[in-house]
Amino acid sequence: GQQLNQSPQSMFIQEGEDVSMNCTSSSIFNTWLWYKQDPGEGPVLLIALYKAGELTSNGRLTAQFGITRKDSFLNISASIPSDVGIYFCAGLGGSSNTGKLIFGQGTTLQVKP
Amino acid sequence: NAGVMQNPRHLVRRRGQEARLRCSPMKGHSHVYWYRQLPEEGLKFMVYLQKENIIDESGMPKERFSAEFPKEGPSILRIQQVVRGDSAAYFCASSPPTSGYNEQFFGPGTRLTVL
């Protein structure tokens with residue numbers, strides 16, 4: 001079945017640093033979504049990408065839909081303590097176009113003040 | 001402007017009992033999805049429903065699990081005769097009919113513990 005490989009698995013950075021994480025797949029996706037999950041809560045949608053090559057920003061967050069439709073990255077600029085959490089990429093569509101989101105394993109981000 | 005609501009937030013069951021998880025989608029949303037998350041893992045798709053219809057249940061275990069989204073009322077995920085391996089966080093998501101299933105908004109989840 002479809003799988004997403006998300007990296008890095010965890011990051012420990014200093015406040016103010018930029019962060020980059022990415023997801024790759026052997027399958028094509030029609031939509032890429034990036035979520036953030038805080039402990040004990042559900043994932044919160046950060047950015048949605050719909051077209052290959054699309055670059056979208058949401059405040060300090062920037063995400064891109066890879067041109068091959070098999071990858072996506074998320075950048076966080078000037079990190080702050082509240083950026084702490086688990087970030088998930090999720091892909092939708094491709095061969096299984098039924099609303100089934102495929103999630104990456106997550107990137108745990110820790111920010112040192 | 002309430003988001004996706006799930007209850008209960010925490011549920012404890014003994015082996016062999018039934019677990020019933022409820023999800024109320026965001027106002028105006030007619031698509032509901034259920035996902036399961038084991039500790040330290042990403043979410044795994046279980047089932048996709050529209051009002052009174054199951055669209056895709058490819059992620060549902062063949063036995064003991066069922067889901068419904070009736071014309072009136074919340075969506076229900078039912079787990080019969082629970083076992084310890086069912087312990088997980090169960091998340092519901094919803095999306096509006098106009099965007100199809102591209103943007104799924106998640107509820108806070110139900111944490112099921114099976115003793």
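Sequence lines set the chain letters: A, B, ... in the order given, protein chains first and strands last, and positions in each chain run from 1.
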J.: With a 4.5 angstrom heavy-atom cut-off, is it the side chain or the backbone of A:Gln37 that approaches chain B, or both, or neither?
T.: side chain
J.: Using a distance-only test with no angle check, is there a side-chain donor-acceptor pair under 3.5 angstrom linking B:Glu103 and A:Tyr50?
T.: yes
J.: Consider side chain to side chain contact (heavy atoms under 4.5 Å, CB included). Of B:Phe65, B:Tyr35, B:Tyr33, B:Phe91, which one does B:Met46 pass it with?
T.: B:Phe65
J.: For A:Arg60, is there an ion pair with A:Asp83 - N to carboxylate O distance below 4.0 angstrom?
T.: yes
J.: Do the ring planes of B:His31 and B:Tyr48 sit parallel (below 30°), tilted (30 to 60°) or perpendicular (above 60°)?
T.: parallel
J.: With a 4.5 angstrom heavy-atom cut-off, is it the side chain or the backbone of B:Gln6 that approaches chain A, or both, or neither?
T.: neither
J.: Go through the atoms of A:Gln105 and report whether side chain, backbone, both or neither lie under 4.5 Å from a heavy atom of chain B.
T.: backbone
J.: Do you know which of B:Glu41, B:Lys44, B:Gln37 has the most heavy-atom pairs under 4.5 Å to chain A?
T.: B:Gln37
